[in-house]
Amino acid sequence: MMQRDHLDWPFLEPRHKRLAEDLEQWSKQTLPPAHAHDQSLESVDRSCRQLVRLLGEGGWLKYGVGGVAYGGSADAIDTRAVCLIRETLARHSGLADFAFAMQGLGSGAISVFGSEEQKRRYLPRVAAGSAVAAFAISEPNAGSDVAALCCEARREGDAYVINGEKTWISNGGIADFYVLFARTGEGPGAKGITAFVVDASTPGLEIAERFRVMAPHPLARLVFRDCRIPAGQRLGESGQGFKVAMSTLDIFRSSVAAAALGFARRALVEALRRSTSRKMFGQTLSDFQITQARLAKMATDIDSAALLTYRAAWLKDLGRPVTVEAAMAKMTATEVAQQVIDAAIQMFGAQGVISDETVELLYREIRPLRIYEGATEVQQLIIARGIIKAYQEGVAPSAKGNKA
Ligand SMILES: Cc1cc2nc3c(=O)[nH]c(=O)nc-3n(C[C@H](O)[C@H](O)[C@H](O)COP(=O)(O)OP(=O)(O)OC[C@H]3O[C@@H](n4cnc5c(N)ncnc54)[C@H](O)[C@@H]3O)c2cc1C
């Protein structure tokens, strides 16, 4: 598999390069082929659980967990490591990338905001791959506009009683616990939300619907009916749930960009393989300048997206604000990857649209990334708001990333 020189970029340290190389070897030897499961819900669930277990045994899940004492690779989540892992896994298997990403996203709020007891209870199992995590914020009427969520958690003595629903929840149906965001009413909109950890076995929590997805992975709608949890399951302070959610997304948003990069790099390799071997009109497809221009654009777009991605991850690891930079990375990498994969399919001709052909799998894998964790339009708003604010505060946009 072609590997460009990005592992030597100054954003990364020698340990990151070793990590990516080790994971590349492990992935080749251990991961089942990307199309190894059929698309039935049972098969996808089974494959996903198996991948979580494999990734845990391989020692990779600990990179998505913060706190060495709780099974993490370091005390703070290493965003660059998370990005490299997602990029590498995505080149091999979309479902393996998904399994890794959800363990981190589903437990990230516990790593950052959890009490000692919550960390001890959940994180070691997440890192080992023996507990499956999920992140539940979206609702039928609160997707992009998450502050409009209305699932309610009412305080009753030393418990909270939850009523409402969540939808499009990844790992819904196979998760052992859900980090849930519910309205507790301390204030309007974003000010009245609190985070909780809800065990999947809690009475009153029902998996009401399972969805089939174009890139198959577990996805469900959850219903909460008088679901009673101990007050100790609250994550962070009352009314701070929006901050908990956004801080978690700030860590993992650049990793969505990294996964998109992985899909795009794989598509470029496939396009090169195809275009340098397909004979037509007495030549090879890659001899035509139209093809060369397309390949040049694919490679350049991938490197541009990679630079934005690893800049955002590097800034996050330095402890700098990254909301704008992570949004730029997520928007650019997912949009570029969609175009790169589409161009690769075009070079494959009919073969490119045959089910389970690699480029066809990639075409299905990339599409949801432009929607979840903030659709492209939401990222545009985040970037614009950030640069307008910086301008009004007298900081030139180009200098923003360098502000301590
Ligand atoms: C595969 C998949 C997995 C997911 N996993 C999870 C999960 O684990 N947990 C979870 O909580 N949620 C999850 N989601 C939900 C996801 O976060 C939402 O789908 C996303 O936030 C968009 O919300 P929505 O689907 O309600 O679309 P809407 O909010 O209805 O938006 C529809 C479209 O409107 C456009 N749009 C949005 N805002 C603006 C604007 N301001 N201006 C112009 N256009 C705009 C965008 O193109 C957007 O795609 C998942 C979604 C998918 C597809």
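FYI, the numbering just counts along the sequence from 1. Every number for a ligand or one of its atoms is a count from 1 in the order of the listing.
Protein heavy atom nearest atom 51 (C) of ligand 1, with residue, atom name and distance: Y372 CB, 3.7 Å. Scanning all protein heavy atoms for the shortest distance to atom 19 (O) of ligand 1 gives I371 CG2, 3.9 Å. For atom 26 (O) of ligand 1, the closest non-hydrogen atom on the protein side is G143 CA, 3.4 Å. Ranking protein heavy atoms by distance to atom 42 (N) of ligand 1, first place goes to E377 CB, 4.4 Å. What sits closest to atom 41 (N) of ligand 1 on the protein, heavy atoms only, is L381 CD1, 3.2 Å. Nearest protein heavy-atom contact of atom 14 (N) of ligand 1 is W168 O, 3.2 Å. In terms of protein heavy-atom proximity, atom 48 (C) of ligand 1 is nearest to A375 CB, 3.8 Å.
Remark: atom 23 (O) of ligand 1 lies closer than 4.0 Å to at least one protein heavy atom. For atom 1 (C) of ligand 1, the nearest protein heavy atom lies under 4.0 Å away. Counting only heavy atoms, the protein gets under 4.0 Å from atom 8 (O) of ligand 1. The nearest protein heavy atom to atom 37 (C) of ligand 1 is closer than 4.0 Å.
Geometrically, ligand 1 and S138 share a nitrogen or oxygen pair separated by less than 3.5 Å. Considering backbone and side-chain N/O atoms, V213 never comes within less than 3.5 Å of an N/O atom of ligand 1. Residue-to-ligand polar distances place S170 within reach of ligand 1: an N/O pair is separated by less than 3.5 Å. Ligand 1 has no nitrogen or oxygen under 3.5 angstrom from a nitrogen or oxygen of D145.
Between R311 and E325, none of the side-chain N atoms (NZ, or NE/NH1/NH2) sits under 4.0 Å from a carboxylate O, so this pair counts as no salt bridge. The existence of a salt bridge linking E393 and K389 is confirmed by a sub-4.0 Å separation between a basic side-chain nitrogen and an acidic carboxylate oxygen. For the pair E116 and R120, the salt-bridge criterion is met [side-chain N within less than 4.0 Å of a carboxylate O]. Taking the charged nitrogens against the carboxylate oxygens, D356 and R364 do have a contact shorter than 4.0 Å, which makes a salt bridge. Ion pairing between R228 and E156 holds under the 4.0 Å rule for side-chain N and carboxylate O.
Between atom 27 (O) of ligand 1 and the options A148, P218, S144, the minimum heavy-atom separation is to S144.
At a 4.0 Å heavy-atom cut-off, ligand 1 does not touch K166 at all. With a 4.0 Å heavy-atom cut-off, ligand 1 is reached by no atom of T376.
Contact annotation: the side chain of V146 never approaches that of I193 to less than 4.5 Å [non-hydrogen atoms, C-beta and beyond]. Looking only at side-chain heavy atoms (C-beta outward), D78 and R15 come within less than 4.5 Å of each other. Counting heavy atoms from C-beta on, the side chains of C227 and V198 come closer than 4.5 Å.
In this structure, R234 is not positioned above the aromatic face of F196 in the sense of NZ or CZ being under 6.0 Å from the six-membered ring centre and within 45° of the axis.
Donor-acceptor pairing under 3.5 Å is recorded for the side chains of E186 and T184.
Taking the six-membered ring wherever Trp is involved, the centroid distance between the rings of F181 and F135 falls below 6.0 Å.
Residue-ligand proximity, L219 to ligand 1, at heavy-atom distances under 4.0 Å covers atoms 3 (C), 4 (C). Counting atoms of ligand 1 from 1 in the listed order, those under 4.0 Å from a heavy atom of F135 are 7 (C), 8 (O), 9 (N), 10 (C), 11 (O).
Across every non-hydrogen atom of A134 and I169, the tightest pair is CB-CG2, 4.3 Å.
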